[in-house]
There are 2 protein chains.
Amino acid sequence: MTDEPRGAAEAVDSVLVALADPTRRQLLDLLAAQGEATATTLAEPLPVSRQAVVKHLAVLATAGLVSGSRVGREVRYAVRPAALNATARWMTALAADWDRRLANIKRVAEAAQRDSR
Amino acid sequence: MTDEPRGAAEAVDSVLVALADPTRRQLLDLLAAQGEATATTLAEPLPVSRQAVVKHLAVLATAGLVSGSRVGREVRYAVRPAALNATARWMTALAADWDRRLANIKRVAEAAQRDSR
DNA sequence: TCTATGTGCAACTCTTAAGTTGCACCCGAC
DNA sequence: GTCGGGTGCAACTTAAGAGTTGCACATAGA
């Protein structure tokens, strides 16, 4: 569950939470480098157990950053750029908004200083 | 401490960790809207104590997302767009890298299919 | 000076994320 | 069939983050 399209806010939230963990970022790096990989394979170079990797992959999948598909007895995971793209856009827009507000505040402050002298 | 310029990796990490918490994002929204505010003021509309807000602001400050300056007996915090901008760029670049890799894999797969028939 | 308000520090609770181990199950290969 | 490697599920431990309360300290203003 928790797989139906959520609101943009929840989507961004889940992506940020997913990316906040260094092990998960490392996992994403490995996946991006290999294209496709199983949880067992991914766990090998990492200092954690396969089960830990499985849990991380579940978090990443909930965030829409990866997806897994069963092939025979193994599950192959791959990276999903869409969610990351969306979050990157959200962050860029937020940064622009801050810049805009700060410029505005600066402008108001200067105007006030002009008036006071 | 922890205020000297760190590596890009740690900077991104701290920003992501900071943004992963919804209360901190709300705090950033409030700060961006008001331009400047104290911890006490920021805590009022929020469902948490002033101390909780202070801790969140400390996390945000470590990430470089806000900065506080003492004015008399109060400490005024303001938003700092630079760290957010840097992280947004990092994320955009990462998304582009994923897209590039996926396109590459797709190309290789198609070439292999052509060869096999 | 006295008071009220904002800040800083410390100790504490509570929840949850991260990781572990153990075992049952499934499926491909021999 | 059976054997081995890959998955999935569950229970458990542990560490850290989020929040709280209480109190001491500092400063603007009456």
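Every chain is numbered from 1 and lettered A, B, ... according to where its sequence line falls, protein lines coming before strand lines. None of these values were measured; they are calculated from a predicted model.
- The base of D:dT7 does not come close enough to the side chain of A:R70 for any donor and acceptor atom to sit less than 3.5 Å apart.
- Atoms CZ (B:R76) and P (D:dA28) sit 11 Å apart, rounded to a whole Å.
- In this entry the distance linking CZ of B:R73 with C1' of C:dA4 reads 7 Å, nearest Å.
- Between B:R24 and D:dA18 there is a side-chain N or O to OP1 or OP2 distance below 4.0 Å.
- Side-chain to base pairing of B:K55 with D:dG17: no donor and acceptor N or O lie closer than 3.5 Å to each other.
- A salt bridge links A:D97 with A:R101: at least one charged nitrogen is closer than 4.0 Å to a carboxylate oxygen.
- Mapping A:D21 and A:G72 onto DNA chain C by nearest heavy atom places A:D21 at the nucleotide closer to the 5' end.
- Side-chain nitrogen and oxygen atoms of A:T40 include at least one within less than 4.0 Å of the OP1 or OP2 phosphate oxygen of D:dT7.
- Taking the side chain as every heavy atom from C-beta outward, A:D21 and A:L27 never approach each other to under 4.5 Å.
- Regarding contacts with the backbone of D:dT7, a side-chain N or O of A:T38 is found under 4.0 angstrom from either OP1 or OP2.
- Taking only side-chain nitrogens and oxygens, A:T41 never comes nearer than 4.0 Å to OP1 or OP2 of D:dG6.
- Checked by distance alone, A:Q51 brings a side-chain donor or acceptor within 3.5 Å of a matching partner on the base of D:dC9.
- A donor-acceptor pair under 3.5 Å is formed between the side chain of B:R24 and the backbone N or O of B:A18.
- Residues A:M91 and B:L19 meet the side-chain proximity criterion, which asks for heavy atoms closer than 4.5 Å.
- Across the protein-nucleic acid pair, B:H56 atom NE2 and C:dT7 atom P stand 17 Å apart, rounded to whole Å.
- Between B:S49 and D:dG19 there is no side-chain N or O to OP1 or OP2 distance below 4.0 Å.
- Among the atoms of the strands shown, base atoms are found under 4.0 Å from some heavy atom of B:R50.
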